[in-house]
Amino acid sequence: MSKSLPKRSENYSEWYNELVKRADLAENSAVRGCMVIKPYGYSIWEKMQRALDDMFKETGHTNAYFPLFVPKSLFEAEEKNAEGFAKECAVVTHYRLKNDPEKAGKLMVDPEAKLEEELVVRPTSEAIIWSTYKNWIQSYRDLPLLINQWANVVRWEMRTRLFLRTAEFLWQEGHTAHASKEEAIAETEQMLEVYATFAEQFMAVPVVRGKKTANERFAGAEETYCIEAMMQDGRALQAGTSHFLGQNFAKAFDVKFMTKENKQDFVWGTSWGVSTRLMGALIMAHSDDEGLVLPPKLAPIQVVIVPIFKGEEQLAQISEAVKPIVTALKKQGISVKFDNSDKQSPGFKFAEYELKGVPVRLAIGARDLANGTVEIARRDTKVKATYPIDTVVETVSGLLEEIQANIYQRALDFRATHLFKVDTWEEFTKIIESEGLGFISAHWDGTSETEDKIKELTKATIRCIPLDSVEEEGKCVLTGKPSTRRVIFAKAY
RNA sequence: CGGGGUGUAGCGUAGCCCGGUAUCGCGCUUGGUUUGGGACCAAGAGGUCGUAGGUUCGAAUCCUGCCACCCCGACCA
């Protein structure tokens with residue numbers, strides 16, 4: 001195995017792929033399009049789950065679990081939703097295998113064990129959940145119903161990429177039911193804000209909050225809100241979506257409730273989700289040619305301590321000096337690893353923990369013991385400095401906060417320099433065709449035809465209509481027709 | 001799913017055109033010396049050459065099917 005990663009600047013996607021594998025995050029599995037998430041990668045996902053789950057609970061949601069399989073008849077009930085996902089569904093048709101009479105030791109699908117009704121492996125759970133909600137909701141007193149589930153879903157994608165698009169992926173999906181349209185919209189917007197806050201404060205990835213155009217809307221939704229993040233190659237990554245479902249699913253599954261006024265009405269729904277794709281966003285937003293750069297809040301190991309020693313005696317002395325540091329850091333809630341293995345040289349360890357994105361590294365050798373010092377290195381800037389040993393805890397906890405803030409700021413600055421306000425088609429194509437592309441803020445006439453045409457010509461799509469976009473007079477960048485606000489165009493993952 | 005490429009030890013590869021039982025590096029094992037940015041020396045172990053067929057006295061090498069991965073398209077809430 002060669003020591004260094006492919007250069008990010010030379011081949012971004014090769015760099016990404018190699019990084020995911022080399023940092024022990026995930027690898028391809030024996031199943032087409034499905035990945036194995038390795039322990040180190042999974043522990044990052046667990047930290048994401050923990051933080052998100054806390055935020056869901058804080059906003060009044062509880063977790064539940066619904067089946068992996070959806071009977072076809074339920075799946076097709078909400079027509080638009082079914083149609084939107086039909087092309088990427090895995091379907092279970094049989095429930096038994098048997099020995100193949102013609103090939104010894106081989107199994108075959110037992111043709112006699114055909115299911116009466118096919119089961120769709122959920123690509124999303126609206127159908128199975130709304131069919132259940134019908135039984136749970138009778139009165140306005142049963143509302144709002146605020147439920148989340150952590151689950152796996154399957155979407156049979158033609159081309160997959162580790163974390164960004166896999167046939168099976170892990171996610172959470174919130175499904176809520178409300179007595180009024182206003183309340184459902186407020187819920188949709190609240191959860192979008194939860195996602196945006198998580199992305200910015202935990203992942204250190206700035207996002208644009210916005211609404212999707214009709215073309216990009218979730219199948220079965222009245223309105224799809226999203227957060228869009230910019231990766232280091234200037235492409236956009238949809239990092240989370242929150243849908244206002246109107247009464248579409250309530251009508252499809254006949255979910256009615258009695259209002260305070262003693263009238264029957266259909267309930268209003270929302271659904272919202274983020275997936276292991278966030279791992280892809282996290283990796284692509286911050287990492288460099290040396291490897292991962294993790295935000296301290298999501299790093300499984302926040303501080304690694306590397307002893308530099310000659311012989312066991314020195315290691316024992318260093319270990320003694322390290323002990324109180326480890327204890328003190330842990331007391332602060334900081335996760336620490338003391339790597340006292342003598343299998344690898346310090347240089348090897350330095351490179352290894354950089355590859356894995358450990359935010360802070362301490363190095364202690366005989367020289368430090370004599371001087372009462374520790375070398376502290378930060379992953380984001382690669383700056384090293386020596387500090388008195390009794391200031392380590394304070395320095396480290398300050399540094400973790402600084403790194404969290406710094407990588408967010410760096411990503412924000414990157415986005416700022418790759419966000420272009422464009423008013424002519426010439427400029428538009430020039431930017432979109434250049435290597436280091438980015439987000440284009442431009443006027444659009446509001447029609448699907450124009451959106452499609454632009455996609456056809458440039459491969460750029462409307463990522464969203466930003467929630468904070470200001471109303472202004474303008475002309476569509478392609479057609480010249482009047483427009484009242486700018487939208488964000490970009491090439492997307 | 002279409003076009004192109006790749007598949008050889010845990011990883012990365014040479015050999016393939018021109019058929020004769022597989023090269024090198026990393027890693028691994030053992031012993032020793034090392035350790036402030038991916039240590040060094042010595043000795044070893046490790047292979048149905050992606051897979052299934054075919055041609056041939058003989059196939060990593062030639063032919064066919066299949067599978068997987070990568071790149072470019074198409075597809076993608």
Earlier contact from the 5' end, RNA chain B, for A:Phe350 and A:Thr241:
A:Phe350
Examine B:rC76: is either OP1 or OP2 under 4.0 Å from a nitrogen or oxygen in the side chain of A:Lys87? Give yes or no.
yes
My understanding is that only one of A:Glu187, A:His175, A:Gln172 makes a side chain to side chain donor-acceptor pair (under 3.5 Å) with A:His61; could you say which?
A:Glu187
A:Lys343 NZ to B:rA39 P: how many Å, rounded?
15 Å
Heteroatom pairs (N/O) under 3.5 angstrom, protein to nucleotides 72-74 of chain B:
{"unit_1": "B:rC72", "atom_1": "OP2", "unit_2": "A:Arg159", "atom_2": "NH2", "d": "3.1"}
{"unit_1": "B:rG73", "atom_1": "OP1", "unit_2": "A:Lys459", "atom_2": "NZ", "d": "2.9"}

Distance, C1' atom - from B:rC57 to B:rC67, rounded to whole angstrom
31 Å
Nearest to the side chain of A:Glu88 - B:rC76, B:rG38, B:rC70?
B:rC76
Against the six-membered ring of A:Phe350, is A:Arg361 placed for a cation-pi contact (under 6.0 Å from the centre, within 45° of the normal)?
yes
Shortest side-chain distance from A:Pro346, nucleotide among B:rG38, B:rU35, B:rC71:
B:rU35
What does the 5'-to-3' dot-bracket notation of RNA chain B look like when only Watson-Crick and G-U wobble pairs under 3.5 Å count, and pairs to other strands show as |?
((((((((.[[[..)....(...]]].((((((.....)))))).....[[[[[..)....]]]]])))))))....
Under 4.0 angstrom, heavy atoms only, what part of the nucleic acid is A:Asp342 near: base, sugar-phosphate, or nothing?
nothing
For B:rU35 and A:Ser345 - does any side-chain N or O of the residue sit under 4.0 Å from the phosphate oxygens OP1/OP2?
no
For the P atoms, the ones on B:rC71 and on B:rG31, what distance do you get once it is rounded to whole angstrom?
44 Å
